[in-house]
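Predicted model only: the values in this text are computed from it and were never measured. Here is how names work: the chains are called A, B, and so on, in the same order as the sequence lines, proteins then strands, and each is numbered from 1.
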Amino acid sequence: VNGWIVVGAAGIVTYLLRITPVTLLSRHDTPPWMDRASGLMVPVAFAALAAAATVAGLPGPTDRLAPALIARLSAIVVTAVVAHRFRSAGTAVAAGVIVFATLNLSLGR
Amino acid sequence: MHPSADGTDTATAHPDRPRRTDAIAGARAMIPLLAGVTPMGLVIGVAVVQSGIPVAVGLATGPLIYAGSAQLAIIDLLRQRAPLLIVMVSVLAINARLALYGTVLAGRWRTTPRWWRALAAYLLIDPSFIIGVDGYQQRRGHAYYLGGAVVLWLGWQASIVAGAVIGSAVAPSLELDFVAILYLVAMAVLKATEPAVRVGVVAAAVAAAVGALLPIHSGPVIGIVAGVAAALAYPAPRSPA
């Protein structure tokens, strides 16, 4: 199939996902539980996106899996702890990147 | 509520604050989020060049789809010459969370003109959703969302083009996309200030990790639904007597 058709169709599907609830629900009041859910959605979405991307980025069941898993999980734990302790995203990401790069080098990845 | 022609919700926005101030504040608030997702944009640009598909088609995923995970998946599926049906199912599964975001923001946007909702929905993606929710909680106007969302759109397209230009100069072993993951982790921790939200974050991470093992990229939406359900089910703190 032509690449332009695929990308165009994917763009239409994606836009429909965005606009459909906005159009259908714009005529109604938001129920209280949805107001509460909107406050929850941001951190929950971040956690879900990070976890899914971490698993999806792992190599298959080869001898490279264990080092990749160790490097990624260690960097994530350090990032989470530093974010909690210092309340700074930049500092937390920097700490995680250092741990990730160090472990990648030392584990021979 | 009486929206003005440009979509400003006079009941939501602070009455004494000009729209321009809100737009600039939204743009500023977006800068750290944009820095967090820029590595992902670079990775997509690199993937476009290295996949062997026409570069114009790969770059067009930026403005046409405007959703990083789906863009990467489509570039990979195009490289594999996957059937159109498989591509569409993948796009639906990966981007289903956008419908959840639209559901949450629909109530805030219901007084805006149709053209404004069409534009705001097009710009709706993870970082702009966050800026939007934060902005409405601070009683900022719609300009706050739009200011942040436009900056994100411009920065995202620029990062993809930059990735395509530097292309093969970037070694895949650098795993630039992992920086974006670390940023998401940091932001999840910073935003999870209540016990119920922490429960939701943990539930979302576990469910999304399990869901990511499924074949149609359904990890994020499974995680979000599980996380929100867990947080809503968590007992609310008792108010003092």
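- Proximity to chain A (any heavy atom under 4.5 Å) is shown, for B:I75, by neither the backbone nor the side chain.
- No side-chain donor-acceptor contact under 3.5 Å links B:Y66 to the backbone of A:Y15.
- For B:A56, the parts sitting under 4.5 Å from any heavy atom of chain A are the backbone and the side chain alike.
- Both the backbone and the side chain of B:L232 come within contact range of chain A, with heavy atoms under 4.5 Å apart.
- Closest non-hydrogen pair, A:G96 versus B:L182, comes out as C-CD1, 3.5 Å.
- Annotation: maximal heavy-atom pairing with chain A below 4.5 Å, among B:V91, B:I130, B:V221, occurs at B:I130.
- Heavy atoms closer than 4.5 Å to chain A are found in both the backbone and the side chain of B:R117.
- With a 4.5 angstrom heavy-atom cutoff, B:V201 touches chain A via backbone and side-chain atoms both.
- The most heavy-atom pairs under 4.5 Å with chain B, out of A:L49, A:V78, A:I19, come from A:L49.
- Around CD of B:E194, the count of heavy atoms belonging to other residues, nucleotides or ligands within 6.0 Å does not exceed 12.
- Neither the backbone nor the side chain of B:I53 comes within contact range of chain A; no heavy atom of the residue lies under 4.5 Å from a heavy atom of that chain.
- Here the options are B:L105, B:N95, B:I125, the test is side chain to side chain contact (heavy atoms under 4.5 Å, CB included), and the partner is A:R18; only B:I125 passes.
- With a threshold of 4.5 angstrom between heavy atoms, B:V228 approaches chain A through its backbone and through its side chain.
- Contact of B:A118 with chain A is made through backbone and side chain together, with heavy-atom distances under 4.5 Å.
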